[in-house]
2 protein chains.
Amino acid sequence: MGRPHQTLLSRTAIAHAALELIDDRGYEALTMRALADRLGVRGASLYNHIGSKDDILDAVSELLDAEIDHTPLHREPWLDGIAAYARGYRRVLQSHPNAISLVARRAVHTEDALREYDTLLATLVRAGCTPALAAETAAALDFLVIGSALETYAAGFTRPPAAYRPEHPALADSLEAANRVDPSPTALDDRGFEFGLRMILGGLAAQLAGTGSG
Amino acid sequence: MGRPHQTLLSRTAIAHAALELIDDRGYEALTMRALADRLGVRGASLYNHIGSKDDILDAVSELLDAEIDHTPLHREPWLDGIAAYARGYRRVLQSHPNAISLVARRAVHTEDALREYDTLLATLVRAGCTPALAAETAAALDFLVIGSALETYAAGFTRPPAAYRPEHPALADSLEAANRVDPSPTALDDRGFEFGLRMILGGLAAQLAGTGSG
DNA sequence: ACCTGAACACCGTTCAAGT
DNA sequence: ACCTGAACACCGTTCAAGT
């Protein structure tokens, strides 16, 4: 307390503390004052290292992006590699549920992120896609990952499956059937994601093999 | 000005004004004071009709949900009906880009929303799905729609396609190829969505016809 | 029944001081 | 070079008045 702080503060250190705060206490708990407090400093000090709160959100976004493991993209067979990459991507988002809304609206332009996407597209082209088809596939996979991580779907329905039974028989049947397959709360999300992944990658493989419906 | 207001205020009227404000001036412009101003009233008055700002966000969410046209779900052939429904769902979200982050994190439990999902699941079951498979398909479609509406993907890449050319050749090639197919700014999103939709519904149809890979 | 003004505790951000 | 206290304009929300 008596000693002055050494150089504890930096854009990266602030981003790490911000992500911890979001993980621990939720997105709305990320306050400049609360963040400074967690860093043993006084609010206004943060502005010596970052330009604005928005800047911090960008830094947190980059932090999450850096957590994604893209080594599976170099694996063979390429289909399994891409599936593993997509699952890992989704797992990172799911492990920071309070930060998901942040990721969803914030484009990442880091050199790392670009290299990652470059690798994905190169893998798809090597597998036989035209560059344009590779872009479409990558986009579809991205949509599936982000959409499933946001999980509005299961959040909306996993909860009270029996409540609206008589008025909505198909809904109740489906949810009960899905629940019978696996009763864990994220199971329907997981299975929806896996289904979509299988359809996209399976359909792509069929198309590349010339058996697609074109 | 001299006359007292008649009953202009209500939860619904407030929600409509809130959505207008979000559409016009962005999500962060939705302020209790600004919203009241748009309704010719003074901030605190809103609390006579709604419980909190969060309550307003729920109401806006319901408003968007009500815009979705689910009549295509009753059309034949069911495959085209579901595709049309998914496209309409996505179109509604895209027509309120400033409100998308709101929809993404907010589960809608309205009677209308439940009926909508019930219809979708009933359609899938009628087409031959087991209830569990119907739930997975509906989830995958939902993820694709929401993920593509959030459009992080294209927001991140459509912009500066030439800038990082040498370091990321596959990325640059894909974006340029996609751009050549259709240069409009949302084209890659649209094509990614359509590709995912085709893969999911095509794969489902094949699976139901017994030609799937199981 | 419902609009109002004033106030509350909070927020992001700035800036003149300090060291 | 960087932390600080105080201040700024703002925010969501409450509440005693008013009509």
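As the structure is a prediction and not an experimental result, all values here were calculated from the model. We name chains A, B, ... by the order of the sequence lines, and we start the count at 1 in each one.
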Test side chain to side chain donor-acceptor pair (under 3.5 Å) on B:Asp69 and B:Thr71 and set out the steps.
-> CA-CA 6 Å; B:Asp69 176 21; B:Thr71 59; 2.6 Å; yes

For DNA chain D, what dot-bracket results from Watson-Crick or G-U pairs at under 3.5 Å, with [ ] for crossers and | for inter-strand partners?
-> ||.|||||...|||||.||

Within the structure, does a side-chain N or O atom of B:Ser45 lie under 4.0 Å from either OP1 or OP2 of C:dC2?
->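 Answer no for this pair, as no side-chain N or O of B:Ser45 is under 4.0 Å from OP1 or OP2.
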
Do the side-chain N or O atoms of A:His49 get closer than 4.0 angstrom to the phosphate oxygens (OP1, OP2) of D:dC3?
->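 True: A:His49 side-chain N/O within range (under 4.0 Å) of D:dC3 OP1/OP2.
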
Roughly, in whole Å, what's the span from CG in A:Leu39 to C1' in D:dT4?
->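 Going from A:Leu39 (CG) to D:dT4 (C1'), I get 16 Å.
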
Once you round it to whole Å, what is the distance between P of C:dG5 and CZ of B:Arg42?
->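 It is 5 Å, rounded to the nearest whole Å.
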
Using the test side chain to side chain contact (heavy atoms under 4.5 Å, CB included), find all partners of B:Asp80 that sit at least two apart in sequence or belong to another chain.
->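 Testing B:Asp80 for side chain to side chain contact (heavy atoms under 4.5 Å, CB included), a comparison that skips the adjacent residues, returns B:Pro77.
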
Can B:Arg90 and B:Leu93 be said to form a side chain to side chain contact (heavy atoms under 4.5 Å, CB included), step by step?
-> CA-CA 5 Å; B:Arg90 179 167 179 264; B:Leu93 297 185; 5.8 Å; no

What's the closest nucleotide to the B:Asn48 side chain, out of D:dT4, C:dG5, C:dC3?
->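 Given the options D:dT4, C:dG5, C:dC3, the side chain of B:Asn48 is closest to C:dC3.
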
Would you say the side chains of A:Tyr89 and A:Asp142 form a donor-acceptor pair under 3.5 Å?
->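 Side chains of A:Tyr89 and A:Asp142: pair found under 3.5 Å.
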
Distance only, no hydrogens: is a donor on one side chain within 3.5 Å (strictly under) of an acceptor on the other, for B:Glu111 and A:His168?
->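 There is such a pair (donor and acceptor under 3.5 Å, judged by atom type) between the side chains of B:Glu111 and A:His168.
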
Residues B:Glu62 and B:Arg11 bridged, charged N to O under 4.0 Å |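 Yes, charged N to carboxylate O under 4.0 Å.
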
Check ion pair A:Glu20-A:Arg25 (N to O, under 4.0 angstrom) =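 No salt bridge links A:Glu20 with A:Arg25.
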
Could you pull out the protein-nucleic contacts involving nucleotides 11-15 of chain D (nitrogen or oxygen on both sides, under 3.5 Å)?
| from | atom 1 | to | atom 2 | distance (Å) |
| --- | --- | --- | --- | --- |
| D:dC11 | OP1 | B:Thr31 | OG1 | 3.1 |
| D:dG12 | OP1 | B:Lys53 | NZ | 2.8 |
| D:dG12 | OP2 | B:Met32 | N | 2.9 |
| D:dG12 | N7 | B:Arg33 | NH1 | 2.8 |
| D:dG12 | O6 | B:Arg33 | NH2 | 2.9 |
| D:dT13 | OP2 | B:Tyr47 | OH | 2.6 |
| D:dT13 | OP2 | B:Lys53 | N | 2.8 |
| D:dT13 | O5' | B:Tyr47 | OH | 3.2 |

Give the C-alpha distance, both sets of side-chain angles, the deciding distance and a yes or no for side chain to side chain contact (heavy atoms under 4.5 Å, CB included) between A:Val92 and A:Asp65.
-> CA-CA 8 Å; A:Val92 169; A:Asp65 202 70; over 6 Å; no

